Every structure is written in C-alpha cells, then in structure tokens.
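Below, chains carry the letters A, B, ... as their sequence lines are ordered, and counting in each starts from 1. Here the structure is a predicted model, which is why all the values come from computation and not from measurement.
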Amino acid sequence: MSKELTTRAADYSQWYNDLVIKGGLADYSAVRGCMVIKPYGYALWENMRDQLDKMFKDTGHVNAYFPLFIPKSLFEAEEKNAEGFAKECAIVTHYRLKTDPNNKGKLIVDPEAKLEEELIVRPTSEAIIWNTYKGWIQSYRDLPLLINQWANVVRWEMRTRLFLRTAEFLWQEGHTAHATKQEAIAETEQMLNVYADFVEEYMAVPVIKGIKTANERFAGAEDTYCIEALMQDGKALQAGTSHFLGQNFAKAFDVQFMNKENKLEYVWATSWGVSTRLIGALIMAHSDDQGLIMPPKIAPLQVVIVPIYKGEESKPVIDAKVEILVKEFKALGIRVKYDNSDNARPGWKFAEYELKGVPVRIALGMRDLENNVVELARRDTKEKQSVSVDGLPETVKKLLEEIQRNIYNKALAFRNENIREANSWDEFVKLLDEKGGFISAHWDGTGETEDKIKDQTKATIRCIPMNNKMEEGKCILTGMPSGQRVLFARAY
RNA sequence: CGGGAUGUAGCGUAGCCCGGUUAUCGCGCCUGGUUUGGGACCAGGAGGUCGCAAGUUCGAAUCUUGCCAUCCCGACCA
C-alpha cells in the first residue's frame, strides 16, 4: 500500500486529506457529505468526549437525550434561530416505502404515507429542548437546569471536508436554564473556560477566547462567545462556542418560572457545543509531513513497542521481556501496544506509527536486552535515545508529559508569531495575503464594514478578544473612530 | 448549487482519443523459504459488477445519455 503523503508545502488541503485517510482516522462513505469515523479516529473522539464529559459533570451538568426529529412547528418557533438554519435542513416528509409497481425489486416513496407535519432532522436542538423544558420548569426551585447531550446533528452543507464540515457530525450540546441574567452569563463564560482549558490542556492547541460580532453570532443568541485556534496554514478555526441566549427561547417556547416574590418571569438560557471538528483542529495544529502528531493526553495509543529480533529463538525472549514492560506501563495508566506481528518489518512499523502520530515508540532487540536498554523515540521531535530498562515506565511517563508540553509550546509560539497588527488598509491586505494568521486591527463596529472587508478579502472578524485592551484608533477600512482592536483572519 | 477534474483488484495505475483474443504494471494479500536496528528478498498463487443504469453496436473499460461518489475553485456556512 502506498503511504506517500502530500507535503504541506505542495498542497495543504491534500496533505490534510491524506492524514485523515491514510492515518486511519476516517473514510469517505457512500453518502454525500457524510464520512465514516474509523476505530482509530473514534478512539480519539472517545478520549476527547470522556474528558469533556468529566469536566461538564464537575461543573454540575448531567446528560440526557432528546429526539433526532423536530416537528416543523416547533423548529420555527424561535424565528431567528429557524431562519439561520433553514437553508441547511434535512426534512422527513414520508414514513413509508413501497415496491415500485413498474419496477420490481426497487422501492419508491409511498405517496400515501405523507406526514401530516414534516419533521426536521436537528441541526441543533434548542427547539425540542426548550419545548420540553417548558414542562419541567415551574418554580425558581427548578433552576438552574444544567443539561448536556451527546448527539449527532445534520446540516446540509454545500461543500464538505473531512471532520471540518460534514453533513452529519457528532457533538455535544449543553442547554441550561437560569433564574437570572447574571447567572446565565456566568454559565456561558464558565463553559467557554471549560472549552479553552480542555483544548489547551488536553489537545495542546492554544486558543483565543473572545466574543463574536453580531454578524458571526449564533442565530437566536444575544451573545456568542468563542475559542479560536490557528492552523499551520495561517487560517483560523472556531474550536468551540458558548452562547448567552437571553430570554429569546424562553419567550418563543413560553418557559416561565415563579420567582421568590411570587412573580412569573421568563428564564434565562445558554447553549454551548463542541464537535468532531475539533479533530480537524488537532490535525492541522500539530501534524507534519511525516503524518499525524497526537497529544499524549488524548492519543488513542501513547506508546508502541516494536521488537527487533534475529532468528526464531530471540523472539520469545523479547516477547517475555516486553510482556513485563506492558504490565508496568498499564499499571501507570499508559495506553500501550506491543506490535510483534510478523507481517511487517521494523522499518515499516516505524513509518506506520509515525503516520498515526503515536507519541512514543520503543524498539528493542537482543542487543538492547544484553545492555539492559531500549531505544526510545519521540514522535514530536523525531529524537531517539537509548535509555535504561530500569524505571522505564516512569521515564516514559515523564517523556509523555514533556511531549504534551512541547507540542503545546510549539503551537503557542506559532500562534503568537502569527498575530500581527495592521494600521492601514494596505498593510491589512498585505499581511493577509503574505502572512495569514490573525490580524489585530481597528474596526468601526458596524456590520456593513465587516461585510465589505469580508467581500474584499475573505477575512472575517474571528472575535473581539476577552479582556481586550481599550485603545483609540481608526477603522482600517472606513477611518471611523474605534475603541479597540479586533482579530481578523481567513477561517475554516 | 455553478465551473473544473477524477472514478479500472485493498491502494496507486496503463489501456479510452481511433470499439475487436484471456484488461496492463507496481505495491499489498495468500502459500513456502530466507530474513528482521528505518517502508526486506526469492519462488509460486489468488483476487476484476472497468463507479451505477440505460442506450448505440455483431461486439463497449473505450462511443452517447442519465445518475452516484470524491477532490479542487467559487457561492453557502454557529
């Protein structure tokens, strides 16, 4: 099997596709715009999901599950939200097939099985959830309601890309209800921080926390908070969003509660989500021309051990030694695989596990055993060293931590090098075309100007950074006064 | 959804323009052997709805039409 990878310099998009496919994360499917997540990719998602799930629960949330289908009348209740998603909805109109009388063996939609009311396949679940919450919330004592669901959603995208934008994808969506505006805003901010902590600490991808402009805001939200990451090609990627929904959904679905003063009030809402898109961010933030680079904390496999044997008699000796090591690794909670399969030689295995991004590789043969050492190779720097077998699990544990730090620091340095200030339109355009990355610039605060900049350069305002420095200046396009810089970038 | 490209064994491909024996080659796979410190070698072998469906023809991988999927560019997009 040819495992030649396209290089980043030759064709960045193709490089990305090659990593996803040849790295065994996902496959194309027979369904337009939908992909198959393969076991290796799904194991990565499971590790991400499990950690996030723990963090959600640590902040007081519980999981539930709501239906895939949403009656059209519910879907349209919150107008802005419905409008925002209308163009990308899949709709169920019938509930039965029948044999084609004119073409035996083929099926057609039974025209007599038309639904009274069409069902929308959820692009997000606010509608069905708020319709349900109406029945669950009567008093301030029922609040806050802090629920998350792990689910699939469907958005009928015109153009899809593996993990980054597919018609169906996996995600989690948190939907909370609160008695006060302040509490809902605090929740929105808290979950943004949870996302940022997760992405930085576990995925080793540095993010910028910020607030979206009105143009980029979630349909139906009062405010959308986001974390933005930078990819190696200089394009930004929205890695997660957290929305303060105000009372928009409470009013649309008539969700009121009795407060302590015995007065009816509409509840305050938030929603927040991250998706399998994060896997795309992970790939594009760290990987190189040899393949994927997995951050140890969420890598499906942290360590692979490859035996190097000469003749049949040495194999059992190495197997026996490794068996002990594997037990020790597992005792320390290290995800390890011993690949003693006989159908590939060591060199082939080395290349294969580099492609898959396994953080640490251990090779050992008789020569090593005699000297009580192994060859320890790290994926991020490709460095190899000979280390003692004594205390090896601890050595590896420390190395995994070091790799996690290193790839984060590398991504952070790259991100920081690629935030540049622009003080004129010419400079802005030049930076965008020649360097990419985030461009920090003044903007007059209007949607019109933002649209014009987007039309002319394809750059959008990624966010207004949190705790942004206030600074008088002039909008790079219109010259109108501006009180702070915002971050522009071309984005995925 | 518009423009461009692609689809032949698990992967990568030749053949297609100009229709005509048994569809080419490499990798991988299976068997046996030799091997194993950076993508091993020898010998033998298996594997094909030529993306799908109609049509033209004595005859279609090759020509025509429709459809499906993928990639790139655009439009679109929390």
Readout for nucleotides 46-52 of chain B: B = base within 4.0 Å of protein heavy atom, S = sugar-phosphate only, - = neither; 5' to 3' it is -------
Exactly one candidate in A/R379, A/R378, A/R361 meets salt bridge (Lys or Arg N to Asp or Glu O under 4.0 Å) with A/E354; the answer is A/R361
Side chain of [X] only, heavy atoms from C-beta on: which candidate in [options] is closest?
X	options	answer
A/M158	B/A75, B/G38, B/C71	B/A75
A/A363	B/G37, B/G38, B/U36	B/G37
A/K458	B/C77, B/G37, B/G74	B/G74
A/Y28	B/G37, B/U70, B/G38	B/U70
A/K87	B/C72, B/C77, B/U36	B/C77
A/E88	B/C71, B/U36, B/C77	B/C77
A/D368	B/C72, B/G37, B/U36	B/G37
A/R32	B/U36, B/G74, B/U70	B/U70
A/S13	B/C73, B/G39, B/A75	B/C73

Classify [X] by what it touches in the nucleic acid, base, sugar-phosphate, or nothing, heavy-atom distance under 4.0 Å.
X	answer
A/W171	base
A/G240	nothing
A/E173	nothing
A/P123	base
A/E375	base

If we take the [atom1] atom in both [N] and [M], what is their distance in whole Å?
N	M	atom1	result
B/A53	B/G2	C1'	26 Å
B/G47	B/U22	C1'	16 Å
B/G32	B/C72	P	44 Å
B/C67	B/A60	P	24 Å
B/C29	B/C68	P	37 Å
B/A14	B/U8	C1'	10 Å
B/C71	B/C58	C1'	40 Å
B/C42	B/G4	C1'	47 Å

| Any side-chain donor paired with an acceptor under 3.5 Å for A/K209 and A/N467? |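 No - no donor-acceptor pair under 3.5 Å links their side chains.
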(Q) Testing the 3.5 Å rule here: is there a donor-acceptor pair between the side chains of A/N468 and A/Q484? (A) yes
Practice problem: Could you give me the CA-CA distance, side-chain angles and deciding distance for A/I279 and A/Y42, then say whether side-chain contact (heavy atoms from CB on, under 4.5 Å) is met? | Solution: CA-CA 10 Å; A/I279 294 174; A/Y42 200 78; over 6 Å; no
**A/Q385 CD: over 12 foreign heavy atoms closer than 6.0 Å** = yes
Send over the distance from [X] [atom1] to [N] [atom2], rounded to a whole Å.
X	N	atom1	atom2	value
A/K22	B/G39	NZ	P	19 Å
A/N343	B/U31	CG	P	11 Å
A/R345	B/G39	CZ	C1'	9 Å
A/D455	B/A75	CG	P	9 Å
A/R361	B/G39	CZ	C1'	12 Å
A/D233	B/C72	CG	P	13 Å
A/I21	B/G10	CD1	P	16 Å
A/L5	B/G39	CG	P	17 Å

*asked:* Between A/F169 and A/R159, which residue's closest nucleotide on RNA chain B lies nearer the 5′ terminus?
replied: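 Checking each residue's closest nucleotide, the 5'-ward one belongs to A/R159.
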Of A/F350 and A/R165, the one whose nearest nucleotide on RNA chain B sits closer to the 5' end is A/F350
Stem ranges of RNA chain B by first residue number, counting only runs of at least 3 Watson-Crick or G-U pairs under 3.5 Å, come to B:1-7 with B:68-74, B:10-12 with B:25-27, B:29-34 with B:40-45, B:51-55 with B:63-67
- [ ] Hey, can you tell me if A/Y133 and A/W130 have their rings parallel, tilted or perpendicular (30° and 60° cut-offs)?
- [x]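 Taking A/W130 first and then A/Y133, their aromatic rings stand perpendicular (interplane angle over 60°).
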What is the ring orientation for A/F244 with A/W268, classed by angle as parallel under 30°, tilted 30 to 60°, or perpendicular over 60°? parallel
Worksheet entry | Pair A/R415 + A/E228: basic N to acidic O under 4.0 Å | no
* To do: Report yes if the distance between the aromatic ring centroids of A/W272 and A/F56 is under 6.0 Å, otherwise no.
  =>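 That pair passes the under 6.0 Å test.
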Considering only heavy atoms from C-beta outward, does the side chain of [X] approach that of [Y] to under 4.5 Å?
X	Y	answer
A/V274	A/F198	no
A/M55	A/T59	no
A/I362	A/F329	yes

Subject >> Under-3.5 Å donor-acceptor pair between A/K384 side chain and B/G38 base >> reply: yes
Distance-only donor-acceptor test (3.5 Å): side chain A/E352, base B/G38: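 For A/E352, whose side chain was compared with the base of B/G38, there is no donor-acceptor pair (under 3.5 Å).
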Contacts of A/Q232 meeting side chain to side chain donor-acceptor pair (under 3.5 Å) (sequence neighbours excluded), chain-then-number -> A/R8
Respond yes when some side-chain nitrogen or oxygen of A/N17 is under 4.0 Å from OP1 or OP2 of B/C72, and no when none is.
yes
